[in-house]
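Can you read through this structure? Questions will come right after.
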Amino acid sequence: MVRFNKCSRSLLIISLSGLNAPQKQAAEVIEGPLLILAGAGSGKTRTITYRIAHMVDNFHIDPKTILGVSFTNKAAKEMRERVVTLLGRRRSRGLTLATFHSLGVKILKQDIDKLGYQKNFSIYDTSDQLALIREAMKIYKADKSFDRKRVLMKIGQMKNKGISSNDFADSPYFDDEDPYDHVTLFAYEYYQDKLRFFNAIDFDDILFLVVRLFRENPDVAKKYSETFQYIMVDEYQDTNPLQFELIRGLTMTHDNLCVVGDDDQAIYSFRGADISNILEFERVFPKAKVVKLEENYRSTTPILQLANKVIAENKARRAKTLWSQKASSQLPILWKMADTDHEAAVVIEEIVQHQAAGKHLGDIALLYRSNTQVQPLEEQLRLSEVPYAIIGGQKFYEKKEIKDLIAYLCLILNPADQISLRRIFNIPNRGIGTVTLEKFLKLAEEKQLSLYQTLINFPDIAEKRSHSVQNFTQLIQQQRESFSKRRLPEAIQNLIEQIDYLKFVEKQHDAPKQVERRKNDIMQFIESAERFEKYHGAGGNILKHFIERLLLQDSQDNQEEEDDHDDDVRKNQVTLMTYHSSKGLEFPIVFMIGVEEESLPHKRTISQGEDISEERRLCYVGITRAQEKLVMTYCKERKIYGKMVDRHPSRFVLPFLEQGLMLHQDRTTFGHLSVEEAEKYKKDFFQSLMDDLES
DNA sequence: TCGTCCGGCGTTTTT
DNA sequence: CGCCGGACGA
């Protein structure tokens with residue numbers, strides 16, 4: 001590595017001496033294709049942030065020419081923070097660290113008009129999408145047994161493979177014998193036509209349209225490829241064919257592509273991710289260099305031994321063996337439980353003891369396959385008054401109230417947005433129901449006008465209701481002015497007052513607690529607008545940017561914004577989440593809840609006769625989250641949708657129990673305790689049960 | 001137009 | 001067991 005003294009103002013010269021040998025090797029390859037196979041906990045982020053700093057500081061590469069793409073805002077943000085730590089704010093200026101989708105939106109903002117959309121396009125989420133599919137199926141007169149979600153899923157899959165509605169019928173994914181494919185074909189065409197007419201796009205379109213843009217206008221692709229001379233892709237194992245084509249477009253003028261990933265942690269195939277992207281990287285890029293990071297800085301040796309054994313059963317993978325310098329005599333443990341309530345009680349009891357010993361609750365994570373497993377755990381945590389945070393679940397912008405308000409904002413911004421218009425047409429109640437709506441829809445179709453324009457031009461066809469319709473369009477018109485004049489949060493506040501939305505919320509719900517929660521969400525919405533304006537600055541197209549940000553931002557980011565400062569220190573609370581959400585995180589103590597057949601691997605995967613290797617990777621991801629202590633649980637029986645079902649320990653771990661890589665403790669018989677301890681435990685346990693019954 | 005009742009269905013989900 | 005969506009009646 002070249003070392004030279006920079007001017008005295010420079011804080012430091014980036015040195016790679018803090019990296020281990022393979023990490024350093026990876027950081028030093030700047031030109032040409034590079035695959036970094038980064039095992040769990042192997043210092044992946046450290047390696048790529050040093051690599052960027054090395055490029056900028058030691059090779060004087062302009063940060064403006066460097067692009068780092070990740071999947072989550074959180075990952076992008078973390079990478080930026082760590083580069084800034086190394087380089088300082090000034091020298092990292094101009095660096096682009098974005099998610100696939102935020103990069104896509106940036107590109108579309110510049111060039112979407114080339115595809116026949118206007119720049120004030122709306123972005124539709126799943127519920128908006130389903131509304132359109134429902135409509136398509138009604139027109140197609142499809143049998144009611146057809147599942148809208150399945151149709152939508154297929155459309156999404158096609159988009160993520162880069163197949164348009166025109167190409168679908170001729171693609172290898174279209175089966176003429178399959179009635180679903182015929183419904184999907186019709187729905188896909190109808191859906192895409194409508195989106196275009198409504199000047200709206202869905203999440204998949206964000207990338208699909210960029211790829212189409214690149215296909216149809218190679219000079220546009222060339223422009224971006226020349227801007228971004230050095231490209232890095234994080235979590236490469238989770239990329240889909242569409243993202244691959246996007247990357248290929250960006251690298252059309254060079255081959256400076258560094259991808260980072262771990263095929264053993266590929267857990268998003270259900271969203272179209274294609275693991276062969278990482279498995280066959282060198283075949284696509286024959287000049288590629290490959291570096292493996294196998295030293296793990298996270299977990300103890302016994303935990304890694306189990307992890308290695310579990311994942312080694314998978315066939316199509318790149319051989320990797322994680323190792324660590326952290327010796328430990330503490331083996332992973334498998335607990336046998338009676339049922340779900342017992343499971344929750346025992347685990348939370350363990351946590352209470354941890355807490356009583358004055359230890360930090362932020363050290364503990366409870367991981368599970370499916371969100372349906374949360375309930376008994378949460379209940380027990382509440383009863384024991386242990387602070388906790390459940391990650392995931394419903395996203396902020398998916399809540400009804402927030403969706404309603406966003407629909408208003410979308411319509412104000414993009415009058416062609418029919419789905420938003422229909423969502424709020426009768427919210428709050430204006431006495432305009434389906435019959436009136438159908439009338440206008442029919443007329444709009446005849447006149448080839450947008451629904452909104454039809455309301456304005458022909459309010460009279462609503463007869464008795466024409467006054468309500470006029471009031472509505474006037475309201476939207478007046479709100480458009482309000483938003484152009486007022487500050488964003490004030491305009492939103494004004495909108496809520498104008499439509500008397502809080503009163504509507506009260507009317508909708510009987511339980512005062514629910515009303516309270518929903519009003520609170522609305523307040524949070526206004527506050528987020530306040531924060532956004534403060535950060536983003538008023539003026540310009542702030543409304544559009546605000547909506548985009550809301551939709552492209554993950555819910556966790558939103559909440560953490562306030563207490564960003566103590567980002568490094570976890571709060572004193574137990575973390576609950578799915579294996580999927582846990583990827584990339586680590587905890588000293590990890591409980592894997594319900595490591596059972598039909599749960600991990602999941603029943604649905606087994607019954608579909610599908611490949612269970614992804615379920616195994618999920619198990620692997622869970623295990624490799626643990627730094628010091630790993631406890632898995634399984635129940636003899638579990639309540640599923642209100643029915644008790646017999647359960648058995650997962651095939652993923654059972655063989656390794658027999659090989660002595662784990663301890664087995666039967667907690668149903670208190671077999672892990674001495675006689676005296678068991679007596680005391682039983683007494684305490686039943687006492688707490690009695691307490692619960694009384695309260 | 002709007003409320004209520006019943007039947008079916010229920011994995012994960014970074015955007 | 002609980003939610004959502006369709007059907008149906010006031």
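Reminder, nothing fancy here: chain letters follow the sequence lines and each chain counts from 1.
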Q.
Taking A/Lys161 first and then A/Asp274, would you say they form a salt bridge - that is, a charged N and a carboxylate O separated by under 4.0 Å?
A. no
Q) For A/Asp147 and A/Thr99, take the nucleotide of DNA chain B holding the closest heavy atom to each; which residue's nucleotide lies nearer the 5' end? A) A/Asp147
(Q) Angle between ring planes, A/Phe203 versus A/His101, binned at 30° and 60°: parallel, tilted or perpendicular? (A) perpendicular
Q | Sub-6.0 Å ring centroid separation between A/Tyr268 and A/Phe270 | A | yes
Q | Euclidean distance, atom CZ of residue A/Arg150 to atom P of B/dG10 [Å, nearest integer] | A | 12 Å
(Q) In whole Å, I'd like the distance from the CG atom of A/Leu97 to the C1' atom of B/dT15. (A) 17 Å
Q: Taking only Lys NZ, Arg NE, NH1 and NH2, and the carboxylate oxygens of Asp or Glu, determine whether A/Glu235 and A/Lys583 approach each other closer than 4.0 Å.
A: yes
Q.
Please confirm whether the shortest side-chain N or O distance from A/Asn73 to OP1 or OP2 of B/dT15 is below 4.0 Å.
A. yes
Q. Stacking check: are the rings of A/Tyr641 and B/dG10 less than 5.5 Å apart at their centres and under 30 degrees in tilt?
A. yes
Q.
Regarding A/Tyr268, tell me which of base, sugar-phosphate or nothing describes its non-hydrogen contacts under 4.0 Å with the strands shown.
A. base
Q. What is the distance from CG of A/Asp128 to C1' of B/dT15, rounded to the nearest Å?
A. 14 Å
**Q.** Spacing of A/Arg617 atom CZ relative to B/dT12 atom C1', expressed in whole Å
**A.** 13 Å
**Q.** Salt-bridge criterion met for A/Arg518 and A/Glu401 (N-O under 4.0 Å)
**A.** yes
**Q.** Whole-Å distance separating the CG atom of A/Leu367 from the P atom of B/dT12
**A.** 14 Å
What does the list of N/O pairs under 3.5 Å between the protein and nucleotides 1-9 of chain B look like, with a distance for each?
| from | atom 1 | to | atom 2 | distance (Å) |
| --- | --- | --- | --- | --- |
| B/dT1 | OP1 | A/Gly433 | N | 2.6 |
| B/dT1 | OP1 | A/Thr436 | OG1 | 2.9 |
| B/dT1 | OP2 | A/Val435 | N | 3.2 |
| B/dC2 | OP1 | A/Asn429 | ND2 | 3.4 |
| B/dC2 | OP2 | A/Asn426 | ND2 | 2.8 |

(Q) Can you measure A/His602 atom NE2 to B/dT11 atom C1' for me and round it to whole angstrom units? (A) 4 Å
Q | side-chain N/O A/Ser102 vs B/dT15 OP1/OP2, d < 4.0 Å | A | no
Q. Partners of A/Leu502 by side chain to side chain contact (heavy atoms under 4.5 Å, CB included), sequence neighbours excluded?
A. A/Ile496, A/Lys519, A/Ile522
Q.
Measure NZ/A/Lys639 against P/B/dG10 and give the value in whole Å, please.
A. 21 Å
Q: Check whether any side-chain nitrogen or oxygen of A/Asn371 sits under 4.0 Å from OP1 or OP2 of B/dG10, and answer yes or no.
A: no
Going by atom type alone, with no hydrogens or angles, which donor-acceptor pairs under 3.5 Å involve a side-chain atom of residues 126-133 of chain A and a protein atom two or more places apart or on another chain?
| from | atom 1 | to | atom 2 | distance (Å) |
| --- | --- | --- | --- | --- |
| A/Ser127 | OG | A/Asp125 | OD1 | 3.1 |
| A/Ser127 | OG | A/Lys403 | NZ | 3.0 |
| A/Asp128 | OD1 | A/Lys403 | NZ | 2.9 |
| A/Asp128 | OD2 | A/Asp125 | N | 3.1 |
| A/Asp128 | OD2 | A/Lys403 | NZ | 3.3 |
| A/Gln129 | NE2 | A/Tyr191 | OH | 3.0 |
| A/Gln129 | NE2 | A/Asp202 | OD2 | 3.2 |

Q.
Check this one for me: any side-chain N or O of A/Ser581 less than 4.0 Å away from OP1 or OP2 of B/dT13?
A. yes
**Q.** Under 3.5 Å: donor-acceptor pair, side chain of A/Gln373, backbone of A/Ile593
**A.** yes
Q. Counting just side-chain N and O atoms, does A/Ser370 come under 4.0 Å of either OP1 or OP2 of B/dT12?
A. yes
Q: Take nucleotides 3-10 of chain C nucleotide by nucleotide from the 5' end and write B, S or -, depending on whether a protein heavy atom sits under 4.0 Å from the base, only from the sugar-phosphate, or from neither.
A: --SSS---
Q | Pairwise ring pair (Phe, Tyr, Trp, His ring centres under 6.0 Å) hits with a residue in residues 418-437 of chain A, at least two apart | A | A/Phe425-A/Phe472
Q. Is there a side chain to side chain donor-acceptor pair (under 3.5 Å) between A/Ser650 and A/Glu596 once you walk through the steps?
A. CA-CA 4 Å; A/Ser650 167; A/Glu596 295 156 12; over 6 Å; no
Q. Once you round it to whole Å, what is the distance between P of B/dT12 and CD of A/Gln373?
A. 9 Å
Q: Would you check, one step at a time, whether the test side chain to side chain donor-acceptor pair (under 3.5 Å) holds for A/Tyr236 with A/Asp262?
A: CA-CA 8 Å; A/Tyr236 191 66; A/Asp262 178 4; over 6 Å; no
Q. Ring of A/His580 versus six-membered ring of B/dT12: centres under 5.5 Å and planes under 30°?
A. no
Q. Which residues, if any, of residues 269-278 of chain A bring a heavy atom under 4.0 Å of DNA chain C?
A. none
(Q) Taking the basic N atoms (NZ, or NE/NH1/NH2) and the acidic carboxylate oxygens, is any pair closer than 4.0 Å for A/Arg617 and A/Glu614? (A) yes
